[in-house]
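First the proteins, then the strands, lettered A, B, ... as listed; each starts at 1.
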Amino acid sequence: NAGVTQTPKFRVLKTGQSMTLLCAQDMNHEYMYWYRQDPGMGLRLIHYSVGEGTTAKGEVPDGYNVSRLKKQNFLLGLESAAPSQTSVYFCASSHRGIPYNEQFFGPGTRLTVL
Amino acid sequence: RKEVEQDPGPFNVPEGATVAFNCTYSNSASQSFFWYRQDCRKEPKLLMSVYSSGNEDGRFTAQLNRASQYISLLIRDSKLSDSATYLCVVNLSGNQFYFGTGTSLTVIP
């Protein structure tokens, strides 16, 4: 049982390049989330999904797109990377509808945009 | 105004000390509350949920004060292994989770 995994762990991009971050979970969770973590800002929600085929915007969605074609995978895309997107990206998942439901996080992807 | 505010610290305490962290939230409609722990360059992990009546898990005690809109975490008999950043998390509704910036704790031998 791997929990939540993220690919890649590190990446360096040039401004304007695109890339996709992959998140996978093997806990059969309905909900999945993408966050970014910046110094002094805490984790901020980018996009989330409440089930296969559904996605919704979070607090900071601009410059990102997501897809959830399979229940276990949640992809985060950067269409045209900018230096402001340099951050640590965390994926998380949780069960649906349980009060106080715990979010399980992946190990993170450290992205640098030059 | 931030949804969740925490004192960033750092808190440097000797082993065996008791330390308390507070967190305030801005939206009175917030429904559930958590403390997560994050080690350096690692992912956040749930430390404990915070229930209305307060709850305890070993050396850790969490309290919620809805009237004043704050949450607290008390750590007794601090261990070196407690050194980490503690994140206050508030769930407004559904999937709206708001994270504080974290409070850094270092336990000194």
Side-chain angles (χ1 to χ4, degrees), chain A residues 2-6 9-10 21 23 25 27 29-51 54-61 66 68 74 87-111, chain B residues 1-10 21 23-27 29-55 57 62-64 66 71 84-104:
Chain A
V4 180
T5 58
Q6 292 183 231
K9 289 186 169 52
F10 303 93
L21 282 67
C23 176
Q25 53 94 5
M27 297 174 283
H29 286 167
E30 296 82 8
Y31 293 170
M32 296 187 75
Y33 315 81
W34 275 107
Y35 292 92
R36 60 178 288 173
Q37 186 174 34
D38 302 293
M41 299 291 290
L43 277 82
R44 292 181 291 169
L45 183 64
I46 304 171
H47 286 279
Y48 65 95
S49 168
V50 299
T54 71
T55 62
K57 293 180 180 180
E59 186 183 354
V60 288
V66 288
R68 184 121 181 249
F74 195 28
S87 187
V88 180
Y89 291 85
F90 287 103
C91 175
S93 70
S94 66
H95 276 302
R96 170 182 60 197
I98 302 174
Y100 303 101
N101 50 332
E102 176 182 358
Q103 290 188 316
F104 293 83
F105 285 83
T109 295
R110 298 182 183 280
L111 175 67
Chain B
R1 183 181 175 185
K2 290 184 179 179
E3 293 285 342
V4 179
E5 301 216 41
Q6 290 182 251
D7 180 350
F21 307 137
C23 165
T24 58
Y25 60 95
S26 61
N27 196 319
S30 298
Q31 297 184 359
S32 53
F33 310 88
F34 311 84
W35 284 101
Y36 276 71
R37 170 192 169 128
Q38 186 173 25
D39 293 296
C40 187
R41 301 179 74 82
K42 298 286 189 179
E43 71 272 23
K45 293 185 179 179
L46 181 68
L47 177 66
M48 57 197 303
S49 302
V50 186
Y51 303 120
S52 296
S53 56
N55 47 302
D57 183 2
Q63 295 282 348
L64 168 63
R66 284 191 182 270
I71 309 145
T85 296
Y86 291 84
L87 306 175
C88 174
V89 184
V90 172
N91 177 220
L92 179 58
S93 65
N95 294 285
Q96 292 179 280
F97 287 89
Y98 293 95
F99 286 72
T101 54
T103 299
S104 174

Q) Is any side-chain heavy atom of A:Leu45 less than 4.5 Å from a side-chain heavy atom of B:Phe99? A) no
Q) Tell me, side chain or backbone of A:Leu43 under 4.5 Å from chain B's heavy atoms, or both, or neither? A) both
**Q.** Sub-6.0 Å ring centroid separation between B:Phe97 and A:Tyr48
**A.** no
Q: Answer with side chain, backbone, both or neither: which region of A:Val4 has an atom nearer than 4.5 Å to a non-hydrogen atom of chain B?
A: neither
Q | Distance-only polar pair, side chains of B:Thr103 and B:Asp7, donor-acceptor under 3.5 Å | A | no
Q: Go through A:Glu59, A:Gln37, A:Arg110 and name the one with the most non-hydrogen pairs under 4.5 angstrom from chain B.
A: A:Arg110
**Q.** chain A contact via B:Lys45 - side chain, backbone, both or neither, heavy atoms under 4.5 Å
**A.** neither
Q: Could you look at A:Tyr35 and say if it's the side chain, the backbone, both or neither that has a heavy atom under 4.5 Å from chain B?
A: side chain
Q | Partners meeting salt bridge (charged side-chain N to carboxylate O under 4.0 Å, His left out) with B:Asp39 (sequence neighbours left out) | A | B:Arg37
Q. Measuring heavy-atom distances to chain A, does B:Pro44 have an atom under 4.5 Å in its side chain, in its backbone, in both, or in neither?
A. both
Q) B:Gln6 side chain to B:Tyr86 main-chain N or O, any donor-acceptor pair under 3.5 Å? A) yes
